[in-house]
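Heads up, the thing below is written out as structure tokens.
Bear in mind that the values here come from a model prediction, so they are computed numbers and not experimental data.
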Amino acid sequence: MTTTNPTDASFFSKLGRIWRHRWIDESEVRRALPPAALERLAGRVAASERRHSGEIRICVEAGLPMSYLWRHAPPRERAVTLFGKLRVWDTAHNNGVLIYLLLAEHAIEIVADRGINARVDDAEWAAMAQRMGAAFREGRFEDGLTQALEEISALLVEHFPLGEGEVDVNELPDEPVVL
């Protein structure tokens, strides 16, 4: 059995992280993205998906669940878990994309299914996340997400366009998920 020494720096780091995640709540999400903004984003996702066969989900979380905090799990782990729970991986063409925001850590993760991920390199996803982060630091959450939606849409149109007369089957809800 291991014991935690309260003078250990990692102990205080863990406590600080737990405090930060417990302090922030869904009201912070609503301040960053009020209901009207979430509604506009849902409309933009729907409009985007009429142009390609991909699926885009947005998920905004105030803070990580305690089970992640105790294990000091990174935001990427939570994003990948939600990618599965929200069934973004379960699209016909394996071309779903999740945009995940973790407000407590100002973390942005983009998780793409294997169909689209095979066609877009990691540097391009990282650049999108950086551009979103720049907008978020200025308090422009809706603008940052809109820009990312446009960029992801362009990639999906390029790699998974709808054929002549083809109509997209909406496989997943368009509304952003707030946790």
To check you understand the geometry: which heavy-atom pair defines the closest contact between [X] and [Y], and what is its length?
| X | Y | value |
| --- | --- | --- |
| Asn117 | Ala112 | CB-O, 3.9 Å |
| Ile99 | Ala148 | CD1-CB, 4.2 Å |
| Gly54 | Glu49 | O-CG, 3.7 Å |
| Ala73 | Leu64 | O-CD1, 3.9 Å |

Test item: [X] and [Y] side chains (from C-beta on) under 4.5 Å apart, heavy atoms:
| X | Y | result |
| --- | --- | --- |
| Val60 | Pro176 | no |
| Leu172 | Asp90 | no |
| Val111 | Val88 | no |
| Pro161 | His52 | no |
| Leu103 | Val29 | yes |
| Leu155 | Glu124 | yes |

Salt bridge (charged side-chain N to carboxylate O under 4.0 Å, His left out) partners for Glu28, two or more places apart: Arg31
Got a second to check how far [X]'s [atom1] is from [Y]'s [atom2], nearest 0.5 Å?
| X | Y | atom1 | atom2 | answer |
| --- | --- | --- | --- | --- |
| Arg87 | Leu98 | CZ | CG | 14.5 Å |
| Leu41 | Ile56 | CG | CD1 | 11.0 Å |
| Met132 | Leu101 | CE | CG | 6.5 Å |
| Leu156 | Ser53 | CG | OG | 7.5 Å |
| Asp113 | Thr91 | CG | OG1 | 5.0 Å |

Path from Leu149 to Val157 over hydrophobic side-chain contacts below 4.5 Å: no
Cluster overlap Leu102 with Trp70, hydrophobic side-chain contacts below 4.5 Å: yes
Verdict with supporting geometry, Arg51 and Leu162, side chain to side chain contact (heavy atoms under 4.5 Å, CB included): CA-CA 6 Å; Arg51 300 173 41 225; Leu162 291 176; 5.9 Å; no
Trace of the side chain to side chain contact (heavy atoms under 4.5 Å, CB included) decision for Val177 with Ile58: CA-CA 6 Å; Val177 175; Ile58 298 171; over 6 Å; no
Sidechain-backbone polar pair: Asp121 side chain, Ala123 backbone, donor-acceptor under 3.5 Å: yes
Donor-acceptor pair, side chain of His72 and main chain of Tyr68, under 3.5 angstrom: no
Within residues 53-68 or reaching into it, pairs that qualify as salt bridge (Lys or Arg N to Asp or Glu O under 4.0 Å) - sequence neighbours excluded: Glu61-Arg78
Pairs involving residues 159-175, ordered by first then second residue, that meet salt bridge (Lys or Arg N to Asp or Glu O under 4.0 Å) (sequence neighbours left out): none
With sequence neighbours excluded, residues passing side chain to side chain donor-acceptor pair (under 3.5 Å) with Thr146: Arg44
Those residues that, when tested against Gln147, pass side chain to side chain donor-acceptor pair (under 3.5 Å) (two or more places apart): Glu151
Pair listing, ring pair (Phe, Tyr, Trp, His ring centres under 6.0 Å) test, anchored in residues 121-176, at least two apart: Phe136-Phe141
Ionic contact status for Arg71 with Glu77, cut-off 4.0 Å: yes
Criterion side chain to side chain contact (heavy atoms under 4.5 Å, CB included) on Tyr100 and Ile110, from CA distance to verdict: CA-CA 6 Å; Tyr100 173 75; Ile110 300 173; over 6 Å; no
